[in-house]
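Beneath this line is the structure, given in structure tokens, with notes to follow.
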Amino acid sequence: MINFKEDKDLNVLNHSCAHLLAQAVKHLYPHALFWVGPVIDEGFYYDIDLGDDVIKEEDLPKIEKEMKKIAKDGKRIVRQELSREEALEKFKDDPYKIDLINNMSDDTVISCYTQGDFTDLCRGPHVDTVKELKHFKLLKVSGAYWKGDANNKMLQRIYGVCFKTEEDLNNHLNFLEEAKKRDHKKLGKELDLFMISEYGPGFPFFLHNGMIIRNELENFWYKEHTKEGYEFIKTPIMLNKDLWELSGHWFNYRENMYTSEIDEKVFAIKPMNCPGGMLVYKNSLHSYKDLPLRIGELGQVHRHEASGALNGLFRVRTFTQDDAHIFMREDQIEEEVIRLINFIDRIYSVFGLTYDIELSTRPEEKYIGDIAIWDRSEAALKDACEKSGHSCKINPGDGAFYGPKLDFHIRDSLGRVWQCGTIQLDMNLPERFDLTYIDSDGSKKRPVMLHRVIYGSIERFIGILIEHYAGAFPLWLSPVQVNIIPVSNEHHLDYAQKLAEQLDSAGIRVKIDDRDEKMGYKMRESQTKKIPLTLVLGDKEVENDSVSYREFGKQETTTVSSKEFINLVTKCIEDKEYNI
């Protein structure tokens, strides 16, 4: 997947195209005023104040036509540096630009760019001429509050992309079309996986089919963690404010926390599971022989997200983290992190997900602990990553407030990147909570701890998998694994029911489609529901105790004995293969 912000050439091209968009809008709507037009991961946008006018999706071709006309004219793009006074005078009739200028620091170089009859305040850089901006597409229009503040005026935001060649543009538009088909919100509704109610924005409801997938993921998680020697806990969803002050969350994360009052004391619904894990550790005495101690929790957390940021299962206000807290001696850090990286690699490989690792270091502000501890922690993570056979990109200043972290960016079947797993090394919370263990010489020592997730959040991971598989889940995850269609209910339903009982006894999720509908209709619907295996049972199958099955997305039919079919399916599920 292309990241327009990180690709230097595409960045300049798309920012220049944002100005081309603004110039075209100004031609068509002379009263238009412009806020900002940045490059984003997916292209560019421009926020526009059009007064009482409203731009709709059907208006975008008209704007594109004007943009092409301007690009064909081929005017040069000219940069000019301005003093603060000159800038204020030049944009005196534009309150949005005046606001930008007034909020610039004294040492900021103020510049503007002119192309023909259009001048905009901008830092740049830009391409040389508008003639270079030929291959673009406006994608959508939406509303956006000025400065992202719901108390401010609603502006109109137009999104677009720009490429150097028509071929690159068409390839990207085809990619977007494929991504649209895979939209987890659309497929979630079509496949009866989850719903969002107006009574709970950001609080997803899992339906029966979605719960099957969720339970399979959780059962897999517990099974694999048991192999790795984890113990499991469940901590309360609401705890006293004093605990969150002790952990540092109250001072560093308060704006994202939900609170309530109980017995005249303030309580907070947990945004993270960590403090509860600290209390569990403190509940017992620990020896150096007990370490590393691996404690896992599928813990539900709540975080306040702006309503405009909510997005299906990707951005919610409550989710379940597949958390674990690992307490260890400092000399065990490298070995434990290497073990964790290998564990995460094993989990992701089951889903066909590749990944890159990023090391996020100490934030510039809002961090706890000594810089020396941060430096040691960052070095330990980097060394462990390299010794596990992986490289890591440095992401300066993006660590958690309590420690640096390794972030795992997975890549799906369309090449899109998602941040899911993380390993966070923490030498600060053990200090805050006065965690100790008894060392071999009888003295008390401070453990080091790791916070880590692999799925990241169950909800978001399910959303990613929906789009990764385009709703066609592998056999082991599919809500319905086998769909049986008897050719005639009168002659073949009894055999279908007998076979369904055998499949069910083997732990295979099965349904019988005995509706009074045409065979072709039932087969198409089985494909629409993306059921991995569809059986058609007629006279031959009844006579030979066999099945004729078709795999999702394929045209050919295979016939085997019912016993062989059950063995094939159970082995595929056990091995977590995509299909038989």
Answer yes or no: is there an ion pair linking [X] with [Y], defined by an N-O contact shorter than 4.0 Å?
X: Asp356; Y: Lys393; result: no
X: Lys164; Y: Asp168; result: no
X: Lys62; Y: Glu66; result: no
X: Glu224; Y: Lys227; result: yes
X: Lys522; Y: Glu517; result: no
X: Glu228; Y: Lys223; result: no
X: Glu467; Y: Lys186; result: no
X: Glu64; Y: Lys137; result: yes

- Is it the case that Lys140 places NZ or CZ above or below the six-membered ring of Tyr159, under 6.0 angstrom from the centre and within 45 degrees of the axis? yes
- Query: Is a side-chain N or O of Arg214 found less than 3.5 angstrom from the main chain of Ile462, in a donor-acceptor match?
  - Reply: no
- Query: Any donor and acceptor pair, going by atom type alone, linking the side chain of Ser16 with main-chain N or O of Val12 inside 3.5 Å?
  - Reply: yes
- What distance do Cys17 atom SG and Leu10 atom CG have between them, rounded to the nearest 0.5 Å? 11.5 Å
- For residues Phe44 and His15, establish whether the separation of their ring centroids is below 6.0 Å. no
